[in-house]
Q: 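Take this structure first; my questions come after.
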Amino acid sequence: MLLIDLNGKWQMKRVVETDWINATVPGSVYSDLLNEGKIEDPFYRENENEAFKISEHDYEYKRTFLVDESVLSHEKVFLLCEGLDTICELFINGKKVLDACNMHRTYEVDVKEVLKEGTNEIHVLFRSPVAYLNKKQQEKPLLNPEHSVDGIGYLRKAHSMFGWDWGPKLPDMGIWRSISIRGYDSGRIQDVYVLQNHESSGVDLDVRVNVEGWSENEMNICVQIESPDGGNVLEKTVSVTDTEHHIPFHIDNPQLWWPNNLGKQPLYTVKVFLSESEKTLDETTFRIGLRTMTVRRQPDEWGESFEYVINGVPIFAMGANYIPEDNLLPRCSPERTKRLIKSCVQANFNTIRVWGGGYYPDDYFYDFCDEYGLIVWQDLMYSCSTYVFTEEFKENIIQETIDNMKRIRHHASLGLWCGNNEMETAWAEGVWDKKSDGKPDYIRQFEVCLPEIAKSIDPQTFYWPSSPSSGGYFAHPNSLNRGDTHYWGVWHNRQPFTDYRKLYPRFMSEFGLQSFPLLKTIKTFTLPEDRNIFSSVMEAHQKSGTSNGKILHYISETFKMPKNFDMLLYVSQLIQAEGMRYGVEHWRRNRVRCMGAIYWQLNDCWPGASWSSIDYFGRWKVLQYAARRFYEPVHASACEDGTMVSLHVTNETEKVLDGTMSWKLMTADGITLQEGEKKVLVEDFSSIECVNLDFSNVLDTDEKKRSSYLAFCFSCGDLVKSEGTVLFVKPKHFIFTDQALKIKTEEQKDRFILHITADSFAKFVGLDLTDADAVFSNNYFDMNAGETKRVEIMKDDLSCPLSLAGLKDQLTIRSLYDSYE
Ligand code: BMA
């Protein structure tokens, strides 16, 4: 039971200084210094370099709090620290009560003896994480990526805070999650785990309640299970006889939880009370979803399948990789995360991978995934580094894993636990073997210790040793024939994105292309003179070497040279979106053989160039809009080869579709050269080729190939389900003409409606607002000559309220044709 909330106002200072300044807890050194005007925004221009130096110093925090007799009258009084970042000593009234060294852990200390009635003082001393790593590296160097501070494997602290190929080096410190004093009498609930057994007659629940008791008095456990609408409550009470109790429930007519686009997300509330006579000693509440969820691996003609199976249904996983939302953790909030998760489902995601180089997200992250229906692929927090698996390290990470698995395991959205990011591949295919003797430690950690913990703490969730992996023990971890795959030939090796079509992975969990964020975002960290992609400031906000040049390389393969900085940003996003579309459509066409596409990466932790589809400020890049189309449950796509085109439909729904695929070969100014249609039946959860077309007779000159395109559309009755276009040359060689794009606007109570017209074929028609942010119902789409497109903006999705006139003032429109001279 909460007795004293220690969050709120504290004081802090650098240890060697004398003046204390105001601080906020939960919080951090960087954010306190920033709030008190002691440093400039570390994200601005090249401020990161100076700001980094802060992390080379030690800092301390203190506050006082009042303790009255009622606090001390509890049998047990604990200090609960839900997040300490990272190496610190904690004192109460001058007595050391805790040494902590793991940001991912929850620490609890019995403080009854050190507290006194009246004013008490708590004092936390944080040691520089950078000084610590430097010292440890001198003793025995560990391997890690070039882009981070060396030795990250020595500290259980979000690795990306030390710099990544998309994020700054700002290894902050502080009390980053809640801190409080809690009191208990007689006993308390230690943990609750709900095991589900799905039968044809309903769902059997085994509610496993562990209690800790220190009195002889009789205690009772009461469990209540409340239906999603709250209307029905099942309740059972048992008396405490042991530490572990199994309380069975049967749920008739269960309302099953489904991922986004596959069904609803009903959540049952579980309440557990521990009581003594009439007095409640402890209680806990959480929500579960009734579903079965696993990963099926079955030998087949290609090797071994790797697919999520939910409630018995194998599904094609669609989503992106999630990284920490901010390098300064106090800037994260439920509102920001909610907006991000909502953006994922708006773009038809059904899954999200929490990448292993950050931290275990807050409870609200999983709550939103439960509510919106995103399956969470949860990496454990190890990435691209070697670790020394000493007894001390082992104890530390076991505790960390238990803390986090117990916290997260009940969430309906939890899909799997994965040992680490890209470490098995580094050992099996990289150069680590020649530089380090840590390979046996790797096996002990990820293939013995952690899976054992997972099995005892969360036996109902699938464990996977690494991403990518083929099942472990260095057996071709990045094989295309089994397990999951990361493919970086496109981008890191500069291969053309058309190479994606040469690959038939079982589950693609990482692939990506970089782009720049929007101009509005770049303006937040640059001066006008910095707005050139090779300026020192723009290069400082590109963390992957000389990748600004690589973005230009990819642009040059597909598009004309953009005419100015702003257009370069736009075209960089187009190339990224085209690459991802190209890959995903191919893998969805090969549904069954491939059952997942999770692109790298969803979001950013600061403003800069990266692989993200949503930038630091939550703004949708072109890719996020493209994902909304290429992840739509019913998606039509084209596979072109010269003047041959096959048209396909992929159906990720339980409905059989009776529809029509229609196509038109057209000139840019709207003359139809050929047209046709075909009725098709698309089975549930399947992908089919509808038709194979050969235009070699019509498109017999370069001139015709450069001025004609194919528009296709799959519809069911009057409803257009999905549509697209195909060019027969690269867009840079297509002859576009002036499209005279026009917008008519209209206002309704909850939304604005835009009617857009084009005089000739327009590609990647992009809408934006100069200052405000909006999510458009469709964006960066293609338009046929003479066509009118309707696009909506929900007022709820606007970053600030706008009148119709205000909206018109800010609205901009462009297409690929406007990007060059
Ligand atoms: C993958 C990820 C990240 C990295 C990204 C881009 O390997 O796991 O470590 O940021 O590639 O290079």
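Keep in mind that what you see is a predicted model, and the values were worked out from it rather than measured. Note that ligands are numbered from 1 as they come in the structure, with each ligand's atoms numbered from 1 the same way.
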Q: Side chains of Tyr322 and Arg353: do they bring a donor and an acceptor to under 3.5 Å?
A: no
Q: With heavy atoms of Glu422 as the reference, note each atom of ligand 1 found under 4.0 Å away.
A: 1 (C), 7 (O), 8 (O)
Q: Using a strict 4.0 Å cut-off to heavy atoms of Asn421, name the atoms of ligand 1 that fall inside it.
A: 8 (O), 9 (O)
Q: Please confirm whether the backbone N or O of Asn779 pairs with a side-chain atom of Arg628, one donor and one acceptor, at under 3.5 Å?
A: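 Not a single qualifying donor-acceptor pair exists.
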Q: If the cut-off is 4.0 Å to any non-hydrogen atom of His492, which atoms of ligand 1 fall inside it?
A: 6 (C), 12 (O)
Q: Which heavy atom of the protein is the closest neighbour of atom 6 (C) of ligand 1, given with residue, atom name and distance?
A: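 For atom 6 (C) of ligand 1, the nearest protein heavy atom is Asp165 OD2, 3.3 Å.
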Q: When you measure from the heavy atoms of Trp355 to every atom of ligand 1, does any distance fall below 4.0 Å?
A: yes
Q: Please list, in number order, the atoms of ligand 1 under 4.0 Å from a heavy atom of Glu510.
A: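 Once the distances to Glu510 are compared, the set is 1 (C), 2 (C), 7 (O), 8 (O), 11 (O).
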Q: Under 6.0 Å from the ring centre and within 45 degrees of the ring axis: does the NZ or CZ of Lys550 meet both conditions for the six-membered ring of Trp491?
A: yes
Q: Please report which non-hydrogen protein atom sits nearest to atom 9 (O) of ligand 1, along with the residue it belongs to and the distance in Å to one decimal place.
A: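 Ranked first by proximity to atom 9 (O) of ligand 1 is Trp164 NE1, 2.9 Å.
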Q: May I ask you to check if Arg588 and Tyr631 form a cation-pi contact, with NZ or CZ under 6.0 angstrom from the six-membered ring centre and within 45° of the axis?
A: no
Q: Any cation-pi pair here, Lys169 with Phe162, using under 6.0 Å and within 45°?
A: no
Q: Would you tell me whether Tyr463 and Glu447 have side-chain atoms, one donor and one acceptor, within less than 3.5 Å of each other?
A: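 Result is no, nothing qualifies.
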